[in-house]
Amino acid sequence: MSELAIAPPKHPSALKRYVSIARMALQQTLAYRGTTLATVLILFLWIAILFSFWNSAYAGREEIAGYTHRDMRTYILLAYAINALVGWRVARGMMGRIRTGEIVIDMVRPLNYRTTQLAIAAGGGVIEGCISFGIAIGLGLLFFDIRPPDSPLAAGLFIFSVLLGFVTKVLVVFLISLLTFWTLQGVGIMWAQGSVIAILSGTLVPLALLPGWIRVVAEVLPLRGIVATPVSIYIGTADGLALAGLLALQLAWLAALWWVTDRAWLRAFRAVEIQGG
Amino acid sequence: MPDSEPIIRASGLTKRFRRAVRPPGLRGALKHLVRPRYETLTAVDAIDLTIHPGESVAYVGPNGAGKSTTIKLLTGILVPSEGEVSVRGIAPWQHRIDNAFNMGVVFGQRTQLWWDIPVVESFRLLGDIYQLDAATYIRTFDDLVEVLDLQPLLAVPARQLSLGQRMRCDLAASLIHSPPILYLDEPSIGLDVSVKARFREFIRAMHRERGLTVMLTSHDLGDIEELCERMVMIDKGHIVYDGALTEITNRFGWERTLALTLSDPTPDADTIATGALDGRSGVRVTQPTDTTLTITYDGRIVTSGELIRDLAISVPMTDVDIQEPSAESIIRHLYEGTLRFDDAPGSDA
């Protein structure tokens with residue numbers, strides 16, 4: 001038989017496929033630079049509002065919930081820069097493809113769906129990260145007098161923790177987007193998820209300032225790993241044993257989410273019809 | 001049929017879906033919220049199918065008959081509810097990724113190109129996804145670009161392509177990894193005549209020269225006639241015919257028509273004819289105009305000779321035309337849901 005019938009080589013390097021996908025996502029994020037920029041600018045409008053709010057709150061006070069005014073400014077700037085990663089476009093992409101049935105195109109390819117989504121988020125994340133951290137650090141140093149990391153070790157662990165948080169957020173968004181297989185209506189979920197993540201990850205305010213039971217919930221859920229954990233490592237509110245505990249919690253949740261998304265994907269794949277005949 | 005090992009084999013393959021039953025309106029929506037009700041829908045019902053390497057098979061049936069569901073089962077996107085399926089010796093749903101290397105797919109209603117980036121970048125990414133080495137990639141790519149005349153389209157983002165251009169690019173994208181099997185799901189939907197002709201020519205060449213196994217679902221009779229020697233007809237999840245396209249008339253061609261031309265305008269000729277044919281089963285009389293009469297009958301029960309003899313004494317006819325159904329009219333009946341699959345009593349058809 002001809003060359004067409006010869007099977008292709010068996011997965012010499014699966015990684016390369018996903019690297020290419022990430023590069024493509026990066027390119028697409030650049031193609032949408034208008035949208036990306038607008039998203040980031042709206043984000044900094046939020047930061048401006050929070051700054052003026054905390055300015056009034058700190059009038060005549062040294063500390064609130066263990067944070068000095070300078071800590072708080074640093075917290076807000078970093079929190080918003082981190083939360084800009086895995087933006088709404090990633091969530092919308094995942095949900096949209098399931099709702100419209102475009103997902104069949106992903107599934108006829110030799111690709112693991114979750115790894116593909118991680119690669120897409122990573123590609124977009126490079127651009128999102130450059131813009132939001134660039135602006136945050138620039139503004140922080142020029143106007144808001146943010147503080148440096150607690151120690152060189154804290155700086156290293158901060159970066160490590162941000163990366164763990166990034167994967168956590170992708171998995172959480174992925175898990176929620178799988179719900180679209182059953183509800184087929186993603187907009188409501190997407191809206192709710194954005195707000196819930198902003199609150200429970202500690203983006204809006206540090207977890208220590210959340211009221212009673214919400215705080216308890218937020219402290220055990222994986223969402224804190226997205227923002228609160230890396231930022232408290234940077235500022236030094238968590239060090240020593242507490243810091244180790246936070247990283248362990250982050251890793252444990254990551255492992256759990258990895259397992260849960262695996263199961264959920266299999267269930268969604270088996271149970272549900274694909275839209276559009 | 002080639003006597004090699006089958007490339008696609010399904011036995012007792014079944015797919016059931018659970019579908020929510022929602023009564024209409026707000027009340028219905030609330031009711032569904034409180035007590036959801038579901039019905040089970042059998043999209044593909046215990047089908048047996050064997051396809052050998054190098055065959056080209058048209059898979060036809062009305063909307064909702066289970067065509068696309070079968071394709072999705074073969075591509076590994078859906079998990080069968082029951083039965084066995086194997087493509088090149090592996091179960092697609094258990095080894096979706098391995099299976100993906102063995103096939104190309106074109107969905108007429110969806111594109112597999114990335115929407116916002118130039119077409120050539122989509123191809124390059126697919127080359128990486130299928131892990132082609134550079135030399136192999138370039139060879140196949142150049143080949144496809146030449147045959148499908150893609151050169152002017154390479155720098156254009158997919159969203160700016162016309163439907164015909166997009167389809168050419170999608171075809172190339174589905175073959176970039178030189179798969180042994182190509183599934184085409186309604187590939188020519190919305191294409192104009194000249195594009196369709198080129199598309200068919202290309203598929204035929206790939207099939208003939210490179211032994212590509214093709215499985216096609218289409219509503220387009222031209223696609224089916226020109227691309228496929230073998231036709232599998234599916235209706236309500238069951239395979240109702242599997243054989244050569246040209247032999248379909250032997251299986252379903254028993255419904256024949258006598259068209260009579262009358263010598264004088266006879267408004268009640270249909271009543272007279274019905275009376276004359278009283279007692280013959282499977283005969284239907286209609287009168288389109290005052291001077292014509294149409295008799296439909298089951299060719300396995302009654303012959304045209306018998307009918308003409310019965311009618312000649314009571315109806316003033318000048319001309320008789322015996323019409324046998326074409327493959328085309330049979331397929332049209334299938335799509336309209338008016339094809340009858342029942343066998344005549346005592347017939348072995």
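Just so it is clear: chains get the letters A, B, ... in the order the sequence lines come, proteins before strands, and each one is counted from 1.
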> What salt bridge (Lys or Arg N to Asp or Glu O under 4.0 Å) pairs are there with at least one residue in residues 252-266 of chain A, not counting sequence neighbours?
Replying inline: R114(A)-D262(A)

> With only heavy atoms counted, which part of T136(B) is less than 4.5 Å from chain A, the side chain, the backbone, both or neither?
Replying inline: neither

>> If I compare all heavy atoms of P110(A) with all of A100(B), which pair ends up nearest, and what's the gap?
In response: N-CB, 3.5 Å

> Counting a contact as any heavy-atom pair under 4.5 Å apart, which residues of residues 19-30 of chain A contact chain B?
Replying inline: S20(A), I21(A), R23(A), M24(A), Q27(A), Q28(A)

> What's the shortest heavy-atom distance between I129(B) and R109(A), and which atoms?
Replying inline: CD1-CD, 4.3 Å

>> For L126(B), which atoms come within 4.5 Å of any heavy atom of chain A: side chain, backbone, both, or neither?
In response: side chain

>> Looking at every heavy atom in both R110(B) and E102(A), which two are closest together, and how far apart are they?
In response: NH1-OE2, 3.5 Å

Using distance only, find each side-chain donor-acceptor pair of residues 76-84 of chain B under 3.5 Å and give its atom names and separation, not counting sequence neighbours.
unit_1: S81(B); atom_1: OG; unit_2: R16(B); atom_2: N; d: 2.8
unit_1: E82(B); atom_1: OE2; unit_2: R16(B); atom_2: NH2; d: 2.7

> Atom CD1 of I97(B) and atom CE of M107(A): how far apart are they, to the nearest 0.5 Å?
Replying inline: 10.0 Å

> Which of the residues T213(B), T75(B), V105(B), I117(B) is involved in the greatest number of heavy-atom pairs with chain A at under 4.5 angstrom?
Replying inline: I117(B)

>> Is it true that, when you exclude W46(A) itself, more than 12 heavy atoms of the residues, nucleotides or ligands shown sit nearer than 6.0 Å to its CH2?
In response: no

>> Would you say that more than 12 heavy atoms from the other residues, nucleotides or ligands in this model lie under 6.0 Å from the CD of E39(B), or not?
In response: yes

> V108(A) and F107(B): side chain to side chain contact (heavy atoms under 4.5 Å, CB included), yes or no, with the steps?
Replying inline: CA-CA 11 Å; V108(A) 297; F107(B) 294 105; 4.2 Å; yes

> Is the side chain of R96(B) donor-acceptor paired with the backbone N or O of L111(A) at a distance under 3.5 Å, no angle test?
Replying inline: yes

> Does K67(B) have any salt bridge (charged side-chain N to carboxylate O under 4.0 Å, His left out) partners at least two apart in sequence or in another chain, and if so, which?
Replying inline: E186(B)

> So how far is it from Y130(B) OH to R17(A) CZ, rounded to the nearest 0.5 Å?
Replying inline: 10.0 Å

